[in-house]
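Notes for the one structure printed next.
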Amino acid sequence: MKDRQAVGNYVYTVSRLRGMENHLLDSAFFSRLMDSSGIDDAVKALGETSYSQWISAAGNANNFDKAIDSEILATCEELKSFVPDSELLDIFRLPYDFHNVKVLLKGLFKVRGGETEGRRYDLISKLGTIDTEELTNAIETEEYGFLPYGLTDLIPQCWQLWDQTKNAQAVELLIDHQMFKAMLKVAEELNMPDVIQWVRNKIDAENLRGAIRLARMKYDSAKALPFFHEGGNIRPDDIAKLLNEPVETWSRVLSYTDIGAVLTALQEQGDIKASLTDVSKALDEYLLKVLEKAKYSMDAPANVLLYLLTKEAEARNMRVALVCVAGGLDREFGRRLLSNGR
């Protein structure tokens with residue numbers, strides 16, 4: 001376990017974050033952005049925000065995904081310059097590494113299956129902690145020895161599972177299991193209780209998301225158990241048992257947990273199985289609330305993770321708004337997808 005630096009070292013860090021929070025985009029801005037007449041009008045609205053430089057650099061107003069990722073990456077690099085424990089940033093960025101592993105392996109599965117155009121390098125994210133060229137070369141040349149987060153052992157297991165089953169979903173699930181295990185390991189080595197608790201809550205949230213998806217597919221508990229991840233506050237066995245109960249009773253069954261309140265709120269709005277989008281949005285907002293108590297402390301390291309997650313939610317809202325504007329999609333539906341602003 002890491003002998004972490006004194007908590008007092010985070011006073012400066014948190015004060016810097018407080019200043020950066022003033023530049024986060026609020027819900028009123030996204031409401032105005034959603035009212036843009038077209039993508040050019042939306043780009044003008046972004047003119048006074050930090051996103052404008054990246055959209056200009058992208059050279060194409062419609063290439064906003066790259067611009068948004070550039071803003072998040074720049075944020076991570078800025079935080080890296082003054083956050084004492086870089087592993088806090090790794091917890092946020094690590095899922096992007098595992099996303100990249102999925103993209104690369106699925107591409108190779110297709111290539112070995114005869115699809116010459118199977119690789120999708122355009123889907124690789126630069127937001128991970130591992131250099132994308134190094135990761136790509138390691139996986140394509142089967143030189144995994146230097147890879148972190150248990151990937152050295154995981155990738156051969158993925159190939160073995162693929163050779164046996166040709167089931168890409170099973171491979172993705174194996175990768176997700178390791179991702180959450182790695183996130184929890186990094187958090188525990190930091191020895192920051194609030195951060196550890198957040199990772200455990202994230203695992204619970206993902207398990208609940210999966211449970212609702214499986215309930216819609218009418219899975220029973222025995223078949224569903226392998227889909228749930230270890231490490232959360234709620235045991236996978238208990239999550240799986242929910243599938244034997246009517247979804248309307250889940251909030252009561254989970255009343256002993258904080259996350260059970262999310263299901264209660266969704267149930268009051270209607271059938272919680274009706275829209276997985278609504279469920280995902282509510283769980284994402286819950287994960288932000290788990291860290292919000294850090295706002296009342298000027299030296300809590302969890303403020304770093306809270307800022308990054310808030311910035312990520314901002315980026316999600318940006319994507320939703322720009323997709324709606326560029327595609328001429330239903331604006332009211334788009335507003336429903338927006339996360340609550342700061």
Side-chain angles (χ1 to χ4, degrees), residues 1-21 24 72-99 127-130 148-151 176-208 229-236 256-259 261-262 283-315 339 342:
M1 187 173 290
K2 181 175 181 178
D3 182 15
R4 190 171 60 78
Q5 301 178 51
V7 171
N9 289 343
Y10 276 84
V11 173
Y12 172 73
T13 298
V14 175
S15 66
R16 284 280 300 267
L17 291 173
R18 292 289 183 265
M20 293 172 68
E21 286 170 0
L24 291 169
I72 299 296
L73 184 58
T75 298
C76 290
E77 291 302 316
E78 182 176 1
L79 265 60
K80 192 175 181 180
S81 69
F82 64 85
V83 171
D85 296 290
S86 62
E87 293 88 347
L88 272 172
L89 307 180
D90 293 345
I91 290 175
F92 170 77
R93 299 180 67 175
L94 186 152
Y96 293 99
D97 289 317
F98 282 79
H99 160 81
L127 295 177
T129 67
I130 308 170
Y149 310 132
L151 291 172
D176 286 341
H177 284 331
Q178 180 59 31
M179 178 188 75
F180 286 115
K181 182 178 179 180
M183 289 180 71
L184 189 57
K185 183 175 185 291
V186 173
E188 288 175 342
E189 288 176 348
L190 278 169
N191 195 25
M192 298 175 178
D194 288 348
V195 175
I196 294 170
Q197 188 58 28
W198 178 82
V199 174
R200 293 190 183 281
N201 276 279
K202 183 173 176 64
I203 294 169
D204 287 337
E206 186 58 31
N207 282 342
L208 273 181
H229 313 291
E230 299 280 353
N233 298 302
I234 310 171
R235 296 186 313 143
Y256 68 96
T257 69
D258 292 335
I259 206 168
V262 178
L283 290 171
D284 287 340
E285 291 176 351
Y286 164 76
L287 290 173
L288 276 170
K289 289 177 182 177
V290 168
L291 291 172
E292 280 185 348
K293 64 181 180 181
K295 282 187 174 182
Y296 302 103
S297 170
M298 285 302 295
D299 58 9
N303 277 290
V304 176
L305 192 53
L306 176 60
Y307 180 82
L308 283 167
L309 294 171
T310 305
K311 188 71 177 178
E312 186 178 49
E314 175 187 275
S339 300
R342 65 179 181 89

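- Formation of a donor-acceptor pair under 3.5 Å by the Trp198 side chain with backbone atoms of Leu291 is not found in this model.
- You'll find the side chain of Ser339 stays beyond 4.5 Å of the side chain of Glu314, heavy atoms only.
- Using a 4.0 Å cut-off between charged side-chain N and carboxylate O, Lys293 and Asp194 make a salt bridge.
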Can you check side chain to side chain contact (heavy atoms under 4.5 Å, CB included) on Leu151 and Ile130, steps first, answer last? CA-CA 11 Å; Leu151 291 172; Ile130 308 170; 3.9 Å; yes
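- In this structure, the side chain of Asp299 does not engage the main chain of Val11 through any donor-acceptor pair within 3.5 Å.
- By the salt bridge (charged side-chain N to carboxylate O under 4.0 Å, His left out) test, Lys80 is found to be paired with no residue, residues two or more places apart in sequence or in another chain being considered.
- Taking CG from Leu79 and OG1 from Thr75, the interatomic distance works out to 7.5 Å, rounded to the nearest 0.5 Å.
- Between Asp85 and Met192 the shortest heavy-atom distance is OD2-CE, 3.4 Å.
- Closest heavy-atom contact between Phe98 and Ala182: CZ-CB, 4.3 Å.
- By the side chain to side chain contact (heavy atoms under 4.5 Å, CB included) test, Thr257 is found to be paired with Ile234, Leu254, Ile259, residues two or more places apart in sequence or in another chain being considered.
- The residues Lys289 and Glu292 are annotated as not salt-bridged, no charged nitrogen and carboxylate oxygen being separated by less than 4.0 angstrom.
- Residues passing the side chain to side chain contact (heavy atoms under 4.5 Å, CB included) test with Arg200 are Leu184, Glu188, Ile196, Gln197, Asn233, sequence neighbours excluded.
- Residues satisfying the side chain to side chain contact (heavy atoms under 4.5 Å, CB included) criterion with Glu78, sequence neighbours excluded, are Arg16, Met20, Phe82.
- Lys181 pairs by the side chain to side chain donor-acceptor pair (under 3.5 Å) definition with nothing, not counting sequence neighbours.
- A donor-acceptor contact shorter than 3.5 Å links the side chain of Gln178 to the backbone of Tyr149.
- Taking CE from Met298 and OG1 from Thr13, the interatomic distance works out to 10.0 Å, rounded to the nearest 0.5 Å.
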What's the verdict on side chain to side chain contact (heavy atoms under 4.5 Å, CB included) for Ile91 and Leu190, showing C-alpha distance, side-chain angles and the deciding distance? CA-CA 10 Å; Ile91 290 175; Leu190 278 169; 3.9 Å; yes
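- Separation of atoms CZ (Arg18) and CG (Asn303) is listed at 4.5 Å; rounding is to 0.5 Å.
- The distance from atom CD of Glu312 to atom CG of Asp284, rounded to the nearest 0.5 Å, is 8.0 Å.
- In terms of heavy-atom proximity, Cys76 sits nearest to Arg93 at SG-CD, 3.9 Å.
- The closest side-chain heavy-atom distance from Glu21 to Tyr307 is below 4.5 Å.
- A donor-acceptor pair under 3.5 Å links the side-chain atoms of Asn207 to the main chain of His229, judged by distance alone.
- Between atom CG of residue Leu283 and atom CG of residue Leu288 there is a gap of 12.0 Å, rounded to the nearest 0.5 Å.
- The minimum heavy-atom distance linking Ala187 with Val195 is given by the pair CB-CG1, 4.1 Å.
- In this structure, Glu87 CD and Asn191 CG are separated by 12.0 Å, a value rounded to the nearest 0.5 Å.
- Using modelled atom types and a 3.5 Å distance limit, the side chains of Asp258 and Tyr286 yield no donor-acceptor pair.
- For the 3.5 Å distance criterion, the side chains of Thr129 and Asp97 qualify, holding a donor opposite an acceptor.
- Leu88 and Tyr10 get closest at one heavy-atom pair: CD1-OH, 3.6 Å.
- For Lys185, the salt bridge (charged side-chain N to carboxylate O under 4.0 Å, His left out) criterion is met by Glu189, not counting sequence neighbours.
- Within a 6.0 Å sphere centred on OH of Tyr296, other residues, nucleotides and ligands contribute 12 heavy atoms or fewer.
- The minimum heavy-atom distance between Ser297 and Val14, with the atom names listed, is O-CG1, 3.9 Å.
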